[in-house]
There are 2 protein chains.
Amino acid sequence: MEEKDCRANIISATTPLFAERGLTGVGVRELTAAAGVNISMISYYFGGKNGLYAAVLSEQFAALNRVADLKTLDADPMAKFELYLRATVARYRENPYLLRIYASELTNPTPFFETIVKPAIQAVVQLLIDTFSEGFSDGRFREGLNPTDTVLALVGMINFYFLLEPVTREMVDHTAGRDEELIRHVMDIFAMGILK
Amino acid sequence: MEEKDCRANIISATTPLFAERGLTGVGVRELTAAAGVNISMISYYFGGKNGLYAAVLSEQFAALNRVADLKTLDADPMAKFELYLRATVARYRENPYLLRIYASELTNPTPFFETIVKPAIQAVVQLLIDTFSEGFSDGRFREGLNPTDTVLALVGMINFYFLLEPVTREMVDHTAGRDEELIRHVMDIFAMGILK
DNA sequence: GTCTATATTGCGATAGAC
DNA sequence: GTCTATCGCAATATAGAC
């Protein structure tokens, strides 16, 4: 296998293992077996298990950075919030491992939390706060709302819904077919909750 | 140290380590060093590291089971939702490690997820769904609301707020002094979002 | 009940052959 | 660039002394 393919192949084959068991929960032998490569390839391409994990993390959070496209968009704040919801749901569908790695870094941070994870999430939250402030100064939202709390409420509704999937699997339909209903439902509560 | 004290001491001293680094992220040497006991005490009292972790998990989720008190309470649904919020916030203040272990089990489940974690969370969610249904059949809530989605929105707003603390620490005051404002804010959005 | 000492296994990393 | 073989270390667990 040539270099570029091999590197990418190792990353994609090991992402599910890191997502399900964490950095410390999986060993290099299992990682390389899943990728179908020799054990020494991890050191060769990534300088070690931690280096491979950092590469996995970078790839995952690159997807999150695309939310920044909202900034350049010319739309009113509520439409932007809805686009955020849609982008979030779409991202979790395209990439079923992102949320696990995301939440795993929040609860059991590795050395890469500060450099890769935290800045990426902060950028999204800040973008949403700016969006809220825009609508607030236009007088669209109720008085007395705290921008950060409001934004974190929206972020929490959608993310925790997916995070709880292992627990609520038997209580609610988690297939993509219901995504549209979910988005509408969250937007519904949020809009009624904050609009004048 | 006598038996009962020693057992309890090991559990309380190792809970922070398990919470911050996960079951696989910490070794028995470090665990026993933190508790100030000999390495063999883990096998003696708990039959091994996994047994200790299970004991830690049981203790943590016992706190969660106290939410079931809501069931016997004679109050209207919105008051019950507010009590759920208050109980949740109080629980995370009393026990700063519960949420991390909780979320860690959601993302990187151990063998104890199915037996200890999942049933405890399901009971809380089901209780809130029943509370919602009660208010819905009394005609208090807007038509078109899905009970499960609505309840998960509430659960997500409060839990994800705390989960994001490592990221939002510099953006928002996370001290207990602001808890009352947070609860009021979440209840505000939720009530406006679902009431007729 | 608590200790030391050790058995056993698995880990991550790499030297060196090809 | 990819392999085998192995090094050095840390892991969990426990036997057996006290």
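The structure presented is a predicted model; accordingly, all values stated were derived computationally and were not measured. To find a chain, count down the sequence lines: A is the first, B the second, and so on, and within it residues start at 1.
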Roughly how many Å is it from [atom1] in [X] to [atom2] in [N], rounded to a whole number?
X	N	atom1	atom2	answer
A:Tyr53	C:dG12	OH	C1'	17 Å
B:Tyr44	D:dT12	OH	P	21 Å
B:Ile39	C:dA5	CD1	P	13 Å
A:Phe46	C:dT14	CZ	C1'	17 Å
A:Arg21	C:dC11	CZ	P	10 Å
A:Ile42	C:dT14	CD1	P	12 Å
B:Lys49	C:dT9	NZ	P	18 Å
B:Leu31	D:dT12	CG	C1'	11 Å

Hey, does the side chain of [X] come within less than 4.0 Å of [N]'s phosphate (OP1/OP2), counting only N and O?
X	N	answer
A:Tyr45	D:dT2	yes
B:Asn38	C:dT4	yes
B:Arg29	D:dA11	yes

Mutual orientation of the aromatic rings belonging to [X] and [Y] [parallel < 30°, tilted 30-60°, perpendicular > 60°]:
X	Y	result
A:Phe112	A:Tyr53	tilted
A:Phe141	A:Phe132	parallel
A:His174	A:Tyr161	tilted

Listed nucleotide nearest any side-chain atom of [X], set [options]:
X	options	value
B:Met41	D:dT4, C:dA5, C:dT2	C:dT2
A:Ser43	D:dT2, C:dA5, C:dT14	C:dT14
A:Ser40	C:dA15, C:dT2, C:dA5	C:dA15
A:Val28	D:dT14, C:dG12, D:dC3	C:dG12

Inset, instruction - Without swapping roles, check the side chain of A:Lys49 against the backbone of A:Thr24 for a donor-acceptor pair under 3.5 Å. - result: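 No.
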
Legend entry - Pair A:Arg184 + A:Glu82: basic N to acidic O under 4.0 Å: no

